[in-house]
2 protein chains.
Amino acid sequence: MVLSKILNHGVRGRKSDRMAVKENLRPGGRSARVQASVHKAARDLLGEMNRAEVTIPLIAGKAGVTPSTIYRRWGDLQELLADVAVERLRPDMQPIDAGSGKADLEAWAEQYAEEMSSGPGREMIRDVLAAQTGANACKCCEYTRQQIVVIADRAKARGATFPDVDLVMDQVVAPIMYRILFGDVPDAARVRDLVSRVMSMAG
Amino acid sequence: MVLSKILNHGVRGRKSDRMAVKENLRPGGRSARVQASVHKAARDLLGEMNRAEVTIPLIAGKAGVTPSTIYRRWGDLQELLADVAVERLRPDMQPIDAGSGKADLEAWAEQYAEEMSSGPGREMIRDVLAAQTGANACKCCEYTRQQIVVIADRAKARGATFPDVDLVMDQVVAPIMYRILFGDVPDAARVRDLVSRVMSMAG
DNA sequence: TTCGTAAAAGCAAATTATTTGCATTAATGG
DNA sequence: CCATTAATGCAAATAATTTGCTTTTACGAA
């Protein structure tokens, strides 16, 4: 799957006018280079220091770009970090094949819960949700849904039944995310319960 | 139920040291007055202008307080807005009695979904989740859970069965919140489905 | 290819927000 | 009522953000 990593963001004058995310604005050389450089600088800084200490001038300095470029393209730190986070939240592989639909879903959900409830995971989710633009959050949700679709298709290809994808989102993904966001840590046993409950509703 | 509205926040020097929310720091007259005045100013400004245009100096001006007071007590705008939001998210009444556990839950869940998916609702949730302190999010979750507990207790007092509160959180509250956060709007029909599904698991 | 156009980036001055040290006020506990 | 100290006020110093203007450079048409 070819994934365009280039997202350009058109930005204008006053604060209320901003954040109109227009993609493919000028994918040519320099724009893309600046985008990549800024993203990398942001990622690196997030790894080196507290999220609260990262500022736009810092990122700009590390990226070799003037701060005003970042302000004009992304608007503010929150939008930039959301943009960086959503890219990092993109799954980098297909869900592993564990032999059956239930085993696939169980393995995927356990890994998902673990990754998302980790320190960096929580921060990325927070960054995505804190942005004014709901588009990033949507994208995240889509990534997750896509993973479930792959598992569901695989199960059906095996001739097995598998619950509707929306049902899995409601009954497995949503409870895991809710607990992570609202302060709890979903343990593996609970995740397995969620999975076996939804699997018993298949077909 | 007596609810202390006074939350004091102890704050110190550098950014990474901040946001240590200590309650009951000095609930005496002036502190409480400043707290109330700042909260009211923030609420009013949020009603008058875009969230992105609200700043600490603005709030301070309207509250008749110096900005540094706000910086020292809350740390930054995000924490202050989270504090304001969590107060507004506190339920102001018991869930209405609709005659049965299922009807109670249905009525409550529909209202919850509607309020939370509204513009102001979404903003409050975002503000709460965006704060570095997970404490606010916890509190919100607790408010919701408390409402479910009331409904459950009422059902049991009627001699009826009612699903476990955690199950309701997982199967009704979490899916509603997930959809709101990740870009969807949960319609009434879907909410009713969630409720009837969980009610069929009662006992 | 070259050229015209306009988007994106750089730069620097102006504005605004944030931090900080110190002085003052006023809760709290004896 | 007094001593103590948290909380606030004030103002100077620092840092972030905005903005007007210039320069660079992608992109498309000739």
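Chain naming here is simple, since letters A, B, ... match the order of the sequence lines and numbering starts at 1 in each. Just the heavy atoms: all of them, side chains too, but no hydrogens, waters or symmetry mates, feed the values below.
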Within this structure, what is the CD-to-P distance between B:Q78 and C:dA17, rounded to whole angstrom? 17 Å
Give me the atom names and distance for the closest heavy-atom approach of B:A131 to A:R126. O-CD, 3.7 Å
Of the candidates D:dT19, D:dT8, C:dA17, the side chain of B:T55 sits closest to C:dA17
Over 12 non-hydrogen atoms of neighbours within 6.0 angstrom of CD in A:E123: yes
What's the CG-C1' distance between A:L77 and D:dT18, to the nearest Å? 16 Å
Is the phosphate of D:dG9 approached by B:T66 (side-chain N or O, under 4.0 Å from OP1 or OP2)? yes
Whole-Å gap separating C1' (C:dA27) and CD (B:Q35): 16 Å
Taking the side chain of A:S31 as its heavy atoms from C-beta onward, which of C:dT25, C:dC22, C:dA9 lies nearest to it? C:dA9
SB check A:K40 A:D44 (cutoff 4.0 Å): yes
Send over the distance from A:R72 CZ to D:dT23 P, rounded to a whole Å. 15 Å
Which nucleotide, D:dA26, C:dC11, D:dG9, lies nearest any side-chain atom of A:R33? D:dA26
Should we say atom CD of B:Q78 is surrounded by more than 12 heavy atoms from elsewhere, each under 6.0 Å from it? yes
Grab the two heavy atoms, one from A:V54 and one from A:L58, that are nearest each other, plus how far apart they are. CA-CD1, 4.4 Å
Write down the distance between CH2 (B:W74) and C1' (D:dA7), rounded to a whole number of angstrom. 11 Å
Could you check how far CD1 of B:I56 sits from C1' of C:dT15, rounded to whole Å? 18 Å
A:I70 has an atom CD1; how far is it from atom C1' of C:dC11, in whole Å? 15 Å
Taking the side chain of B:T69 as its heavy atoms from C-beta onward, which of C:dA9, D:dG9, C:dA27 lies nearest to it? D:dG9
Out of C:dA8, D:dG20, C:dT20, which nucleotide sits closest to the side chain of A:R30? C:dA8
Should B:S68 be listed as having a side-chain N or O under 4.0 Å from OP1 or OP2 of D:dC10? no
Determine: side-chain N/O of B:R73 to OP1/OP2 of D:dT8, distance under 4.0 Å, yes or no. yes
